[in-house]
Amino acid sequence: MSRLVGLCLALGSFWLSAASAHGQATEAVEELRAVRDSLRPLLEQARSALEARTTRAQAAQRAAAAALAKVDTSYVGGAMVLTPIEQREATRALFDEVWSESFSELGESPALSRSVIVFQQSDETKPIYVDGAAHRLILKPWTSRARVVESVRNAIAGAMIHDLSEPPLSVGRWSGNPLVPEPMDAVYRRVATTRSDASRACLGGEISECESALGLGTSRTVEQIRAWYAPDERRALVETGGNYDRTALPQRRACIDGSVDACDGLLARFTGDWTPLDRTVRASLLSHALEQGGEDAWTRLAEDPDMTPTEAIEHAARLPIDEVVAGWRDRLIEHRPQSFASLLPRSGLGLVWSLFFAALAMRSTRWRLG
């Protein structure tokens, strides 16, 4: 009986302690809430003061910039172009030229229309104030014209590419910037040096393999990876790439030691874009599609965020994907670097052979005794 009484007393004491602690915690919570509520007006005042100070600072910067440099405002493709007033004519002519040659037929770009480009080409950089972000091109007067044109083209292309990334379009994730593609001879070298069955078959003339190597209509499965790469190439991918955790180390070791199944399992399991032809090569295909599509091709490319890369390319080019890829491959072959022998004229080859036989003659006994 005494044990039962003791247990009851202990439980009662615990309950009272818990209730007291709960009451104290409740009181503490209420006190914190009261403190929070009392601080809210102070926080709002601080925010208002900061906004007012920021506004005054921006106004002062704008006024100082305006006092030091008068600015001309023009528009290209919807983008605002700001330049010192004394460079107005040259800047307008430059941007109009680049726009006309590279972008005018592509259609509207919402991202470009929201952009501001600040351009100056002089020894002395003048302050030009811009609310928010801007593309700033500050070039020296001795910069070559080719470099100046390239800089302007890159600025416009860099603004337009946001049409494919905000919101993210599948074709934007798939490709690099098609508005500033690499030269086709460089693209050919990329394709030719890619270690993949699919890329080799593409150069050999199989259009379906070109599409596969570009990642059009494919998914990352073991079967697809095996179609892309030979066993030794898959082993090389595991050795040189991939983001593997500790649990994968035994499987990676087995792959390196010769287990093709272990290689395939790792490539299918872990993150990485195993598509043979990279984003730079894909950008060249997309650039070709835009050329084929002509007027408003860029607008069509970015028209529907639900389109797959294949659908977007076909919509932009107004051609079936097989025809677009075939035309792109033909351009690749046209830009294939020639061998050294084929670059020599016939007279050059004759000279080489003459020197060769002369060298042999010099090694004869008569020449040695002469």
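The structure displayed is predicted, hence computed values, not measured ones. When a residue number appears, it is its place in the shown sequence, counting from 1.
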Evaluate Ile128 against Phe119 for side chain to side chain contact (heavy atoms under 4.5 Å, CB included), listing each step before the verdict. CA-CA 10 Å; Ile128 296 179; Phe119 180 85; over 6 Å; no
(Q) Evaluate Trp99 against Phe95 for ring-ring contact (aromatic ring centres under 6.0 Å, His included), listing each step before the verdict. (A) CA-CA 6 Å; Trp99 178 257; Phe95 274 79; over 10 Å; no
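Of the possible donor and acceptor atoms, one in the side chain of Glu233 sits under 3.5 Å from a partner among the backbone N and O of Ala230.
Considering only heavy atoms from C-beta on, Arg318 stays 4.5 Å or farther from Gln292 through its side chain.
Donor-acceptor pairing under 3.5 Å is lacking for the side chains of Asp197 and Trp228. In this structure, a donor-acceptor pair under 3.5 Å is present between the side chains of Ser109 and Asp163. A donor-acceptor contact under 3.5 angstrom links the side chains of Thr275 and Asp273, judged on distance only. Defined by atom type and a distance below 3.5 Å, a donor-acceptor pair is missing between the side-chain atoms of Ser175 and Arg279.
Salt bridge annotation for Asp261-Arg226: present, with a cationic side-chain nitrogen under 4.0 angstrom from a carboxylate oxygen. Ion pair Lys140/Asp123 not flagged as a salt bridge, since none of the NZ, NE, NH1 or NH2 atoms sits closer than 4.0 Å to an Asp/Glu carboxylate oxygen. Between Glu97 and Arg92 no salt bridge is recorded (no basic side-chain N to carboxylate O distance below 4.0 Å).
Taking all atoms of both residues into account, the shortest heavy-atom contact from Leu164 to Val171 is CD2-CG1, 4.4 Å. For Ala312 against Leu301, the heavy-atom pair with the smallest separation is O-CD1, 3.7 Å. Residues Pro276 and Ala213 come closest through the heavy atom pair CD-O, 3.5 Å.
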